[in-house]
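One structure is given below, encoded as structure tokens.
FYI, the numbering just counts along the sequence from 1. Each ligand, and each atom within it, is numbered from 1 in the order the structure gives.
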Amino acid sequence: MSIEKTEKFTTSQASIAKNVSKHTTVGNWRDYRWQLANSIRDIATFEKLTGIVFTKKEHKALEETISKFPMSITPYYASLIEKENFRNDPIFKQSFPNPAELKISRCDMKDPLHEDKDSPTKGITHRYPDRVLFLVSNRCSMYCRHCTRKRKVGDPDYIPSKKQILEGINYIKNNPRIRDVLLSGGDPFMLPDAYLDWILTELRKIPHVEVIRIGSRVPVVLPYRITDKLVKMLKKHHPIWLNTHFNHPRELTESAREALRKLADAGIPLGNQSVLLAGVNDCPRIMRKLNQKLVQNRVRPYYLFQCDLSEGLSHFRTPIGKGIEIIESLIGHTSGFAVPTYVVDAPGGGGKIPVMPNYIISWSTNKVVLRNYEGVITTYKEPDSYEPVFCDRNCDECSLQLKLDEAIEAKAVGIEKLLADFDDQISLTPHENARHKRREKNNGGKHGASA
Ligand SMILES: *Cc1c(COP(=O)(O)O)cnc(C)c1O
């Protein structure tokens, strides 16, 4: 592992490092194995290393919380907590247990996204036609208190075996429509280099897998894991994309930025997925700063997630209006590529639903009235003549000249289907529709147009 000669401890790093052992060197600190070996997993160690202390009563409530949802914080991430005002600290809130996690609210669910129900084989969630989520590791270097997969954290039943991974790879192999594989977990970078290398090699052997994505919070909570050796291995398997998970501008430290630099220099396009969290980043100014800093470090903001309905997250949730307000404060006000897509992951497994402020004010047959970010209202005059081409999906004859040699023809689904010329369906009807049920009864089971 290379250690920059100029590298010195920051004051808070030095204090934690010396509390671990007075012999701790900068080299130890920057070694991810040292960070993992010294991860903070109980309240007493947290107190000893940070100097923050809790009352007896708080101890009891905290112990109870971590017996349900375990804790693990890297010394590196703990060193980012500002001790003076720790109770309002965004780093503290994301990493340190809060007894409010034990309050299960009426809307909470164990698996709100139905990731387990939409799973054809253990570890794979196949929700969208052309891509899958593949959970390859259940370990994380830090247990985020807002984790949507909180139910799996620290549970040995969820550790994927090599056999299980092979079954996942086989599932992908046998489904030629899967062109994008999203490795997640847990954190894929918690796997040893050689093991991850093996998974990537196996996936690369599958001709229809066009891109592989990795979702990892390591650049944020354990940046030293991004070693030269790791990026050299990843580079062999291009195209590899990586989405990381910064939630607050204070997480973009020198160490984190160095990790991002290594990944970007290896030609890996970087994206970021934030979660909107009450008391952490539910502020337009914080989000603007975060997204601008990400772009400055070659990370493209990808998604801003509405907090899921998983158990133990109720104290982190904001109304959806807060997210719309944040997006309103970004679009037009800053670079387009510094604006993430705000999404609500549909409870029940419907996937991600983008949510935006409204920009269309009104509409007639030849004019659209729009407003911009400043509140200026404008009219777009539509073309006097536009020759629509009737699309019968006969692409070979089409003047747009799409060469479809290797394209797999996919059926139109959802609203796309209602818009399509080649499909006669006029409506989509929910499965449990009382009117249609009556119709079925009256017409002896014959059904009208439906999804
Ligand atoms: C988020 C997600 C994906 C990837 O979705 P994109 O919008 O392509 O980033 C794939 N599968 C599952 C189950 C997901 O939750």
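For the pair Arg261 and Glu258, the salt-bridge criterion is not met [side-chain N within less than 4.0 Å of a carboxylate O]. With respect to Glu101 and Arg145, a salt bridge is recorded, a charged nitrogen being found less than 4.0 Å from a carboxylate O. The pair Arg225-Asp193 meets the salt-bridge criterion, with a side-chain N (NZ, NE, NH1 or NH2) lying under 4.0 Å from an Asp/Glu carboxylate O.
With a heavy-atom cut-off of 4.0 Å, Lys352 touches ligand 1 through its side chain alone. Counting heavy atoms closer than 4.0 Å to ligand 1, residue Leu182 contributes side-chain atoms (C-beta onward) but none from N, CA, C or O. At a heavy-atom cutoff of 4.0 Å, ligand 1 is contacted by the side chain of Arg131 but not by its backbone.
Here is the list of ligand 1 atoms found below 4.0 Å of a heavy atom in Tyr303: 6 (P), 7 (O), 9 (O). Ligand 1 places these atoms under 4.0 Å from at least one heavy atom of Leu133: 11 (N), 12 (C), 13 (C). Numbered from 1 in the order shown, with element, the atoms of ligand 1 that lie under 4.0 Å from a heavy atom of Tyr302 read 6 (P), 7 (O), 8 (O), 9 (O).
No donor-acceptor distance shorter than 3.5 angstrom exists from the side chain of Gln273 to the backbone of Thr244, with no hydrogens or angles considered. Proximity of a side-chain donor or acceptor of Glu115 to a complementary backbone N or O of Asp111 within less than 3.5 Å is not detected.
Between Phe92 and Phe96, the angle of the ring planes stays under 30°, which puts this pair in the parallel group of the 30/60° scheme.
Remark: distances from the non-hydrogen atoms of Arg213 to ligand 1 include one below 4.0 Å.
Between Thr125 and ligand 1, not a single N/O pair is under 3.5 Å apart.
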